[in-house]
Amino acid sequence: MATDITLICTDMCAYTWRVKIVLEEKNLRGYNLKLLSLEKNEHKMKSFLDINPRAWPPAFKHGDNIVNETLAICLYLESAFKAKGTQLIPDNLAEQATMYQRFQEGVLLYAMFIPVEERSAYELNKIKNALTAEVQLWEKYLQKSSGHFLAGKTFSLADVSVFLCIAALLHYGLRQENYPSITAYYNGLKDKPSITATGPPVWPNFPNAMEEFKDI
């Protein structure tokens, strides 16, 4: 039981899905999960700000150690519990290099389309063009990857980072027939136990995204 671990988040924080997947892969069950209400401004309460002064979930504690950014939390968990559960950073340096690259690129992909509801028509068109190019790049990446994984022959932190993005793209209407490699990647991982046990999150309602994505 991982009773010395606490994860503080909201049920609509898609980023937290990454952390939950890693916890599951590391067999770290029974941790303390605390849900915040953004509507009640619980993320601005002193008790939360003392842990995360940026006032944005998630927040993570392991004993006295505090880590708040989702990718940092994932790296911390792999380092702290390397010998437990699934090894999420490959030993092979070439695979490790790809893993770190894709791990970081997943942040860029997700951040590109989530604020779409807040943009003007001009900005939306720019985002759509940029997102089209980005999705096409990921289609090429996945065409070159071996099997169902992004970095080598096993599930790694690269997949933890990127699967969230792919799931979001498809949820918001990306045309699967246009991106067979992305679709195959998603279908190959969507029933993985660590993924089904922890998600998907409650996706934010972005109707404009649904409309824009169908043409990408």
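Reckoned from all heavy atoms, side chains included, excluding hydrogens, waters and symmetry mates. Being a predicted model, the structure only gives us computed values, none of them experimental.
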[Y] backbone acceptor or donor facing [X] side chain under 3.5 Å:
| X | Y | result |
| --- | --- | --- |
| Glu95 | Ala151 | no |
| Thr183 | Pro180 | no |
| Ser79 | Leu75 | no |
| Ser161 | Phe103 | yes |
| Lys26 | Gly85 | no |

Least distance between heavy atoms, [X] atom then [Y] atom:
| X | Y | value |
| --- | --- | --- |
| Gln96 | Pro90 | NE2-O, 2.9 Å |
| Ser145 | Phe149 | CB-O, 3.3 Å |
| Trp56 | Asn52 | O-ND2, 2.8 Å |
| Gly106 | Val162 | CA-CG2, 4.0 Å |
| Glu24 | Thr198 | CB-CG2, 4.1 Å |
| Asp159 | His148 | OD1-O, 4.3 Å |

Thr16, Leu35, Asn32 screened by side-chain contact (heavy atoms from CB on, under 4.5 Å) with Leu7, the one that passes
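The passing option is Thr16.
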Does a side chain donor of either Glu42 or Ser37 reach within less than 3.5 Å of an acceptor in the other side chain?
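No - no donor-acceptor pair under 3.5 Å links their side chains.
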Side chains of Thr86 and Glu25: donor-acceptor distance under 3.5 Å anywhere?
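The answer is yes; a qualifying pair exists.
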Side chain to side chain, [X] and [Y], heavy atoms closer than 4.5 Å:
| X | Y | value |
| --- | --- | --- |
| Thr70 | Trp17 | no |
| Tyr185 | Glu139 | no |
| Arg102 | Trp138 | yes |
| Glu69 | Arg54 | yes |
| Tyr15 | Leu71 | no |
| Leu23 | Val19 | yes |

Can you tell me how far apart [atom1] ([X]) and [atom2] ([Y]) are? Round to the nearest 0.5 Å.
| X | Y | atom1 | atom2 | value |
| --- | --- | --- | --- | --- |
| Gln101 | Thr98 | CD | OG1 | 8.5 Å |
| Leu170 | Tyr179 | CG | OH | 11.0 Å |
| Leu88 | Glu78 | CG | CD | 4.5 Å |
| Leu137 | Thr132 | CG | OG1 | 12.5 Å |
| Cys165 | Ile182 | SG | CD1 | 10.5 Å |
| Phe155 | Leu150 | CZ | CG | 9.5 Å |

Heavy atoms of other groups near Lys192 NZ, more than 12 under 6.0 Å
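Atom NZ in Lys192 is packed in, count exceeds 12.
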Linking Ile, Leu, Val, Met, Phe, Trp and Tyr through side-chain heavy atoms less than 4.5 Å apart, which residues share a cluster with Leu49?
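None; Leu49 is a cluster of one.
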Members other than Leu36 in its cluster, when Ile, Leu, Val, Met, Phe, Trp, Tyr link by side-chain heavy atoms under 4.5 Å?
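Noted: Leu36 shares its cluster with Ile8, Phe48, Ile51, Ile66.
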Examine Val67 and Leu33 and state if one hydrophobic cluster contains both, with Ile, Leu, Val, Met, Phe, Trp and Tyr joined whenever side-chain heavy atoms are less than 4.5 Å apart.
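Both belong to a single hydrophobic cluster.
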Assess the pair Phe163 and Tyr186: is the distance between their ring centroids shorter than 6.0 Å?
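Yes, close enough.
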How are the rings of His62 and Phe81 set relative to one another: parallel (under 30°), tilted (30 to 60°) or perpendicular (over 60°)?
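Aromatic pair His62/Phe81 classed tilted.
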